[in-house]
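A short worksheet on the structure shown next.
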Number of protein chains: 2
Amino acid sequence: MAEDQLQSFLNRCREHGLKITPQRTAIYEMLCGSRKHPTAEHIYAEIRNSYPNISFDTVNRTLKTFAEIGLTGVVEGHGGPRRYDPNLESHHHIHCVRCREIFDFQSDELDNLEIPPEIKQEYRILNKRVVLNAVCRRCRRRSHIKKQRQKKGASNEQD
Amino acid sequence: MAEDQLQSFLNRCREHGLKITPQRTAIYEMLCGSRKHPTAEHIYAEIRNSYPNISFDTVNRTLKTFAEIGLTGVVEGHGGPRRYDPNLESHHHIHCVRCREIFDFQSDELDNLEIPPEIKQEYRILNKRVVLNAVCRRCRRRSHIKKQRQKKGASNEQD
DNA sequence: CTCGGTGCAAAATGTTTGCAAGTAC
DNA sequence: GTACTTGCAAACATTTTGCACCGAG
């Protein structure tokens, strides 16, 4: 594992009060070495070669923890149920990371963005879309209200 | 349901030899009426109000069928397991619709694309990415080989 | 009438939770 | 020594499969 990756691993764990265990180190190393946007199952299968006694749960939970503290991203395929979109026109998506709702937006400019020619040559492109991760207005407002109430020292915190 | 939607529903079904059943009609209508990128569960819950005896399986299978014949799209969240990506630098994704692999690519131009100001105002943007649906080189080659063999009338077709 | 569709049940796959024992700090 | 982590098992959620009956064409 590259030196800087190791450092960011150690730092992030310490920042969040997570212990450095051999399992976590091995999982992080395996994750960084993979170019395949792996699932927990992938990592588990690979890691067993060098670490035969690790459990699947540890891999699964650790990856989730890594995502929560920002050590790794989660790509399109977040483990939830399949979602359909009847709108077949070109459009773009905003995923609210809080409420997980997906919002559409239109933009002629983004519809016409140019894909690099070497990509067009190697892949047969069927569809292109800009995907934003964001916090939607409602969720922004919700967290704002929450902060207000915390400042006031509200003791009847619900939800 | 809008007239043109109904027509494209009827046409697609006929093209693919699918029967027009009241369940399918109701599901398609519900799907088109939803702005929420619904799951099968969502559609099922709504549709039961007007059609109490429909089964969840019918909804689930029908939606999948609709996606297969191109009546609806499937958005990011395709029902598979969660996938991780340790690369935290800005980059873009190509999803192969055949083998489901995800490939990264870089593009300074795409990194700098402008999000419409009204969107930036309404949402707090955390991350932006271009996502392409495509067929990767390997899968293109595979289907090419398959066609070649079909032309030759190969009788020893293996998977 | 026939074949594909529906509804139900069970299996398969993936994710989350609870808890006792182990270990980093 | 303490609190967090691990490994295991069970619960839960979602998708897929098999099959008898039903209904659109």
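Each chain gets a letter, A, B and so on, in the order the sequences are listed, and its residues count up from 1. Every value quoted in this text rests on a predicted model; they were computed, and no experiment measured them.
B:Q23 comes within 4.0 angstrom of sugar-phosphate atoms only, judged by non-hydrogen atoms across all strands, and of no base.
Considering only side-chain atoms of A:K19, the nucleotide from C:dG5, D:dC8, C:dA24 that sits closest is C:dA24. Among the nucleotides D:dG18, D:dG7, C:dT15, the one closest to the side chain of B:R82 is C:dT15. For A:T21, taking side-chain heavy atoms from C-beta onward, the closest of the listed nucleotides D:dT5, C:dG7, D:dG7 is D:dT5. Of the candidate nucleotides C:dC19, C:dT15, C:dC25, C:dT15 has the atom lying nearest to any side-chain atom of B:P81. The B:N60 side chain lies nearest to D:dT15 when the options are C:dC8, D:dT15, C:dG5.
One finds a side-chain N or O of A:T58 lying less than 4.0 angstrom from the OP1 or OP2 phosphate oxygen of D:dG7.
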| Stepwise salt bridge (charged side-chain N to carboxylate O under 4.0 Å, His left out) test for B:R83 and A:E76 | CA-CA 7 Å; B:R83 302 179 69 159; A:E76 313 85 27; over 6 Å; no

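Here C:dG7 presents its C1' atom at 11 Å from CZ of B:R48, a figure rounded to the nearest Å.
In this structure, a donor-acceptor pair under 3.5 Å is present between the side chains of A:H93 and A:D104.
Separation of atoms NE2 (A:H37) and CZ (A:R35) is listed at 7.0 Å; rounding is to 0.5 Å.
Looking at every heavy atom in both residues, A:C136 comes nearest to B:Y123 through CA-CD2, 3.4 Å.
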